[in-house]
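Worksheet: the structure to be examined is printed underneath.
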2 protein chains.
Amino acid sequence: MKLSEGVEAAIHAALTLAGLEREATMPASALAGQFGQSPSYLLKHLNALTVAGILQSLPGPAGGYRLARLPEAISLLDIVLAVEGPRPAFRCAEIRQRGPAALPVSVFAKPCVINAAMLRAEKAYRAALAHETLDGLMDAHTVQTDPRAVAAGCAFVLQNQRAQKKSKTV
Amino acid sequence: MKLSEGVEAAIHAALTLAGLEREATMPASALAGQFGQSPSYLLKHLNALTVAGILQSLPGPAGGYRLARLPEAISLLDIVLAVEGPRPAFRCAEIRQRGPAALPVSVFAKPCVINAAMLRAEKAYRAALAHETLDGLMDAHTVQTDPRAVAAGCAFVLQNQRAQKKSKTV
DNA sequence: GTAGTGTTACTCGGATAAATATTGTCCGAGTGACATCGG
DNA sequence: CCGATGTCACTCGGACAATATTTATCCGAGTAACACTAC
């Protein structure tokens, strides 16, 4: 029961990208520097977000990453699933039918009650994550976080975002 | 975001122990055999449950494990926390203050909004797990599971449980 | 027949390796911007 | 002065090690039951 360290980096990156202007991009190297992380490693997670359709990546100079959707349409669940994979945390290995008793398979047609209970809990977890959007986090950030940190974040964004000269609608 | 394989074994073991008579015990070897698992490895998790106060272990012949509390007083949350550890799945590494910007520490006195959101979701997860008790799972098991599997489980319990001759209240 | 005693076999417990997943790093392919050259 | 073109530097992407965690195993300490012996 441990989430990847990369989940935190991915969420921070997405939240930062949510702050820059529409059509603008930010290279992964800037994000990695901001968080004191290895650029090559952050790319791994950003790529996962791109594959999942959460981010867009633009190659070449003045390229980088940007959100593929509006911040209110991106939830923490989307990010977590993209980085950690879609499979549930509890994976029923069906150990109940592993014993030497060797009962016929038809006996285990109905789902394992333990698995069902664990999946119920995980469903609640995912519902809570789906309720947390990037937009909401941005609002909470501006309200709850120390103004100095907010100002520093804005300055960083203004300094590192790269506006796209030609408006491309890929 | 992956739970230990041992969590499943621990829950199955606890659910099996919930089925035997009061004061009776069952050795770990029997449980391991039932689930087709290594006895030595299952002991690791059973020991964790014992340390957490969920199970009781009795040494010597006719010894084994039994529940330390009534089944209705044991939730899946208790078991998961005992096996996986009490720490939350999302551990904020405070990467927001790792950048080269070097802002004073006082700026980050207020909690990270991302961490807060993740902990909210995890709180929902734990609440759902706390709602699932061994007693409830036993009821669901007898109702939903194939009668043949239930009968086999009962037979296994009757065959492998060891009644304590002297009622000891440790 | 009963109590005491020694042995025994069974239990759990912790310390120790193997396997797997995660974390971290490197180098290569691709692309758009820039400078240069020609008209 | 304007357009086309070639070069270049910067970007992301995937393949390759190092580390941490999880999984699996072995051997030892402890204990209660059992059998035996003495009373």
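Remember, predicted model here, so these are calculated numbers, not experimental data. Residue numbers begin at 1 in each chain, while the letters A, B, ... track the order of the sequences.
- Of the possible donor and acceptor atoms, none in the side chain of Arg66(A) sits under 3.5 Å from a partner among the backbone N and O of Gln56(A).
- Put simply, CD1 on Ile95(A) is 14 Å from C1' on dT23(D), counting in whole angstrom units.
- Per the geometry, CG belonging to Leu55(B) stands 11 Å off P belonging to dC12(C), to the nearest Å.
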Task: Per-nucleotide protein contact string for nucleotides 15-29 of chain C (B base, S sugar-phosphate only, - none; heavy atom under 4.0 Å) - done: ------S-BBBB---
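- One can place CZ of Arg162(A) at 12 Å from C1' of dA33(C), the figure rounded to the nearest angstrom.
- Identified under the side-chain hydrogen bond (donor to acceptor under 3.5 Å, both in side chains) test for residues 72-94 of chain A, with sequence neighbours left out: Ser4(A)-Glu84(A), Arg69(A)-Asp78(A), Ser75(A)-Asp78(A), Glu94(A)-Arg96(A), Glu94(A)-Gln97(A).
- Note: the hydrophobic cluster containing Met138(A) also contains Leu55(A) (ILVMFWY, side chain heavy atoms under 4.5 Å, direct or indirect links).
- Across all strands shown, Pro61(B) has heavy atoms under 4.0 Å from base atoms, whether or not it also approaches the sugar-phosphate.
- The nearest whole Å value for the distance from the CG atom in Leu49(A) to the P atom in dG13(D) is 11 Å.
- Looking at the side chain of Tyr65(A), the nearest of the listed nucleotides dG13(C), dT11(D), dG13(D) is dG13(D).
- Atoms CG and CD, on Leu129(A) and Glu122(A) in that order, are 10.0 Å from each other to the nearest 0.5 Å.
- Using a 4.5 Å heavy-atom cutoff, the side chains of Leu119(B) and Pro88(B) are in contact.
- Screening residues 57-89 of chain B for ring pair (Phe, Tyr, Trp, His ring centres under 6.0 Å), with sequence neighbours left out, gives no hits.
- When the side-chain nitrogen and oxygen atoms of Ser57(A) are compared with OP1 and OP2 of dG13(D), one or more of them lie within a distance under 4.0 Å.
- Checking the phosphate oxygens (OP1, OP2) of dC12(C), no side-chain nitrogen or oxygen of Asn47(B) falls inside 4.0 Å.
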